[in-house]
Each structure stands twice: as C-alpha cells, then as structure tokens.
Trainee: 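Quick one: structure below, then a few questions.
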Amino acid sequence: MTSASPWKQDFPIFSSHAHPSLCYLDSAATCLTPKHVADAVYHYQCYSHANSHKGLYQLSANVTEKVEHARETVADFIGATSGASISFNSGTTEGINLIAFSFVEPILSDAYKKGKPSNLVISAVEHHANLLPWQRLAERYQAELRVVKITDEGIMDLAHLSQLLDNNTRVLAFSHCSNVLGRFNPAEQICRIAKRHHVPTIVDGAQAVAHGKTNVSAIDCDFYVFSAHKLYGPTGCGVMYGKTEHFEQMRPYQLGGGIVSKVNFTESDFVAGATKFEPGSHHVAGIVGLVEAIEYLHDISWPDIQQHMEKLALYLNTSLNELPYYQPLIVPSAKRLAAQPTEVASIVSFRLKNVHCHDVASLLDSNNIAVRAGHHCAQPLHETLGVTATVRASLGLYNDFSDVDKLVAGLDQAYQLMTG
Amino acid sequence: MSEASQQKPDQPAVHDDHALYQQALLAHHKSPVGYNLAIVATHSAQGVNATCGDDIKIAVEIEQNYLQALAFYGDSCAICRASASMLCQHLKGLSVAEVLALSQKVKASLSENVSLIGVAAEQFEPLRSVEKFPVRKQCALLPWTTLEQALNATS
C-alpha cells in the first residue's frame with residue numbers, strides 16, 4: 001500500500017478547475033463530497049424527484065420506496081436488525097433534541113410530578129449538541145446533570161461512571177468518539193454498565209460512523225444518532241436509530257403532515273413507528289446522498305479504509321510529536337500505543353507553544369491548509385483541560401502523507417513567524 | 001522591555017506571503033504596549049469572542065475625564081493583541097469623549113471598511129490588513145468594544 005490516497009480522485013473538489021492544492025484537514029467538521037454522492041443527488045433531483053409517502057402516482061411511489069429502502073440500507077450499515085428502527089431527520093443535533101423531547105422529557109416530567117429526584121448523566125467530552133438539551137431539561141425539572149470524568153487517555157472513566165449512575169438516573173448520553181480528542185469510548189461496555197442500572201442510553205455517533213463498522217446491536221444502546229455529512233454524504237440529513245419498543249411511548253417531536261392517522265379540530269392520532277418523527281416532506285435528496293455515501297464506503301470496504309486511516313493517523317501523530325513546540329490536548333501513553341498501535345486518533349487537537357490557535361489557523365489557511373480553530377463546540381471540555389481553544393486537524397479518505405507533511409511545514413512556518 | 005513603537009522598521013520582509021500578519025502588526029503582537037501593565041485602574045471591562053476564545057480585559061485610569069493610563073490583560077490571538085496594543089499606545093492623554101469618538105471611527109474602519117483620516121489613519125494603519133479577512137475582524141474589534149464597555153460603565 002502506498003502512502004497516497006487511492007480515493008482522492010473520487011472527490012471533484014481537488015480537480016484542476018476547483019481546489020487542486022487544497023489540504024483539507026477538517027473532516028471532523030464535515031467530509032468533502034465524492035462525485036458518486038453528488039451525482040446521485042443530482043440524478044435523483046433531476047430525474048426522479050417527487051414527494052414521498054403522499055402521492056398515489058407511480059413517481060411518488062418510487063420515491064417512497066427509495067426512502068423505505070434507505071432505512072434498510074442504513075440499518076444494515078449500523079448493524080440494526082430492521083429498517084423499522086431508523087428515522088430520518090436533519091442531523092445529529094436534531095436527533096438528540098428529538099430524543100430529549102420525545103423520550104426523556106416525559107420520563108423526567110413524570111418523576112418530577114411524583115416528587116422523585118432525577119439525574120441525567122453525560123461525559124466531559126460532549127459536543128454542545130449533546131450537552132445543551134440535557135442542561136435545559138435538568139433546569140426545567142430540577143434534575144442534576146452529572147458529568148463523567150475522562151481518563152488521561154481521553155475516554156470515559158468507567159469507574160466514575162459507575163459511581164454516578166443510580167436508580168434516579170433517567171438517561172446516559174455520551175459520544176461514541178470525541179470530536180475534539182478523536183478517542184473512541186468503549187460503547188459496549190458503557191451500555192452494559194448503564195443496563196445494570198436500568199438506565200437508557202443515547203450514543204452520539206457523529207464522529208464514529210465514518211471510521212469503522214458500527215454495530216448498534218452489539219453496543220446495545222437504546223438510541224444512536226449521526227449525520228450524513230460526516231460520512232461523505234450531504235448536509236441536512238441525519239439518522240436516529242432507536243429500539244422500536246421505545247417508539248410507541250414516544251411523542252412526536254414536531255407536528256405536521258404525514259405523521260397522523262386521524263385528525264379533527266380537537267385531537268389527533270399519530271402513526272406508529274419511525275415515521276412518527278418525520279413530519280412534513282422527507283429530505284429525499286439528502287437520504288439518497290446518504291445511501292450513496294454508505295454504498296461508496298461499502299465498495300471501498302472497511303478493512304481498506306481502516307488500513308489507510310490508521311497508517312495516516314499514526315504518521316500524523318508521529319510527525320506532530322516531533323515538533324518541539326507541539327502541545328497536544330491529550331498525550332497518548334507509550335503503554336497504550338504499544339498495546340494498541342492501531343488505536344491512534346484520526347482527530348488531533350493541539351496548541352503551539354506561545355502561538356494562539358487562531359493565528360495558527362489563519363497562517364495555515366494562507367498555505368491552503370484547512371483546519372479548525374477554537375473550542376470545536378466543546379467549551380466545557382477545553383475548560384476541563386485548562387485551555388480556551390485549540391487547533392484541530394482531522395483526517396478523511398482523501399488525505400495522504402503529503403497532507404501531513406504540508407501541515408507540519410505550515411505549523412513550522414507559523415511558529416517561526418509568530419515567535420521568531 | 002522594548003515596546004512596539006521602538007521596533008526597527010527595516011526588519012527583513014519575511015511576512016510578505018501572509019497579508020494579515022504585516023510587520024507593524026506583528027511588532028505590536030511581539031512587544032505589546034500596555035500588556036499586563038500595572039495601573040491604578042478606575043474602570044475596566046472584560047471582553048470575550050465566544051466563537052474563537054479571545055478573552056481580554058481592558059483597564060483604564062481616568063483622572064478628570066482624561067485617560068491617564070491604559071492596560072490590557074488576557075489570552076488572545078495576535079490580531080486582538082496587536083489591536084489592544086495600538087489602543088493602549090495611542091489613546092493615552094485623550095479625553096473620554098475623544099476616545100469614544102475615535103473608537104467609533106476605528107470600529108467603522110474595521111467593520112465597514114470606512115477609511116480613517118488624519119493622525120488616526122497613520123496610528124492604526126497596521127489594523128487595515130484585517131479588511132481582507134472578514135472572519136478576523138471580530139478579533140481586531142474586541143479591544144475597542146471592550147474599551148467602550150469600560151468607559152460606558154463609568155459614565
């Protein structure tokens with residue numbers, strides 16, 4: 001295997017008339033789009049588009065079938081047993097807010113009315129999308145928001161988790177992979193611990209789904225959410241997986257057409273199943289793009305993707321560690337790297353000694369290198385680690401060793417300019 | 001410590017490729033005026049750019065309606081730091097009214113590309129490089145909005 005990306009040519013953004021010299025290291029924010037996906041969206045919109053689940057004519061029925069088939073494709077992609085457990089929405093943020101409103105709030109409200117204390121548990125690494133909905137619910141129902149500490153390695157401290165869960169814990173919400181640290185939590189183990197306390201689990205899979213086979217059945221979580229655009233699909237399309245037995249008791253998140261079986265001016269009956277959470281018209285172009293992205297990854301195969309990404313991540317981490325002014329947020333222990341050499345994060349957040357991260361990002365941008373700078377929607381995590389902001393570099397399928405070399409050269413130039 | 005105003009003007013032009021980080025601006029970043037300066041502050045305010053993490057405190061000593069001393073503190077990027085440094089360098093000795101009027105002009109020049117004229121144009125020329133970098137304007141503006149908060153809090 002060479003160090004070059006065999007898939008870079010699939011991404012039109014690197015073509016000569018677009019951005020041939022772009023060094024894109026911000027895939028954790030959004031992945032660039034392969035031509036396969038863009039073409040699928042274009043072809044759907046041009047030649048197949050109609051409103052799904054509504055029309056009685058063939059064109060509409062075809063689109064309905066497309067959407068229902070997409071549920072099966074997505075279910076298979078994340079190891080769910082049935083497409084009935086898949087609901088489409090606008091992305092991870094909406095997915096979490098939906099679950100907070102539809103599933104968790106009624107439980108909290110019920111406990112509150114009965115005068116029972118409640119607590120909600122999250123981890124210290126959470127993205128604001130997996131913090132703010134819980135913060136609001138905690139405030140509204142006078143529940144305690146408990147935060148599980150992270151270890152020096154940047155994953156959830158399981159001993160602390162066990163201490164925090166109790167009979168009054170209404171939900172445990174955690175990210176499968178941190179968008180700042182790039183470390184994977186042992187989701188199966190975490191859900192097992194939660195199950196022992198009869199606590200339902202919500203997994204934010206936004207950063208995890210593009211980096212290896214996800215298996216929600218093995219994880220045995222109650223909910224799993226992710227976005228298409230962090231998976232080389234379009235923006236505005238996301239997925240909520242849920243155990244179907246929960247759907248019955250859940251109330252719809254937003255109200256509108258397509259989710260009711262009967263309506264009069266005083267009351268409404270809602271449909272059963274995943275479509276209860278999909279009011280209005282489906283974002284079919286997004287769903288088509290998501291399916292194509294999944295098929296694109298499937299065609300490449302997870303072993304090939306992982307082999308490339310692990311090699312590249314190791315090169316990235318090794319190259320950065322050689323810079324004397326490089327200050328990573330998390331320093332992987334030599335012991336862990338020796339034990340699990342393939343578990344090198346493909347997302348790294350760091351600072352350069354005495355150089356503000358925004359200056360680093362600006363100077364890298366002047367060399368056509370795209371990175372993220374700031375707190376990456378995880379301000380409390382940065383505070384926990386004692387910094388206000390970091391530079392984040394994250395890898396995608398199109399990256400190769402030359403991108404890492406460009407980043408290192410760019411960082412060196414930035415450091416010399418700002419401190420020399 | 002040497003201050004930005006004492007930087008040699010003829011340093012090698014190694015920054016030509018980085019339009020945002022001009023020599024004069026970098027000089028303020030590397031040797032800022034008023035940074036961590038101990039003054040007898042009569043008024044101060046804290047300013048934060050939530051999106052980027054710039055966190056700055058501007059302190060002023062006002063005596064008989066004139067700014068006798070200025071200082072700034074905190075963690076910020078080079079653009080914010082240089083902007084604060086220029087502010088500390090050039091506003092000393094002005095009245096509160098003059099400072100507020102000047103602040104309006106500098107803010108307009110940064111956010112709306114309104115040209116500064118006269119002495120101010122010369123004094124704050126290094127900040128003009130921000131014009132072409134819309135996402136960094138907020139960094140240059142922060143010391144000025146924070147200064148206004150400090151002054152308004154007093155009046």
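Just so we're on the same page: letters track the sequence lines, and every chain starts at 1.
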Trainee: Taking atom CZ of Arg140(A) as the centre, does the number of heavy atoms from other residues, nucleotides or ligands within less than 6.0 Å exceed 12?
Mentor: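 Check passes, neighbour count above 12.
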
Trainee: Is it the case that more than 12 heavy atoms not belonging to Lys57(B) sit under 6.0 Å from its NZ atom?
Mentor: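 No, the 6.0 Å shell around NZ holds no more than 12 heavy atoms from other groups.
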
Trainee: Do other residues, nucleotides or ligands put more than 12 heavy atoms under 6.0 Å from Lys105(B) NZ?
Mentor: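 No, because the 6.0 Å sphere around NZ of Lys105(B) holds 12 heavy atoms or fewer from other groups.
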
Trainee: Do the non-hydrogen side-chain atoms of Asp359(A) and Arg136(B) ever get within less than 4.5 Å of each other?
Mentor: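 Asp359(A) vs Arg136(B): side chains touch.
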
Trainee: Please name the pair of heavy atoms, one in Met418(A) and one in Ala78(B), separated by the smallest distance, quoted to 0.1 Å.
Mentor: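 It is CE-CB, 3.2 Å.
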
Trainee: Looking at Lys8(A), I'd like to know if its NZ atom is crowded, meaning that more than 12 non-hydrogen atoms belonging to other residues, nucleotides or ligands lie closer than 6.0 Å.
Mentor: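 Yes, the 6.0 Å shell around NZ holds more than 12 heavy atoms from other groups.
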
Trainee: Looking at NZ of Lys30(B) and CG of Leu417(A), how far apart are the two atoms once the value is rounded to the nearest 0.5 Å?
Mentor: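 Separation between the atoms: 6.0 Å.
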
Trainee: Report yes if some heavy atom in the side chain of His356(A) is under 4.5 Å from a heavy atom in the side chain of Ile79(B); otherwise report no.
Mentor: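 The answer is no; the side chains never approach within 4.5 Å.
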
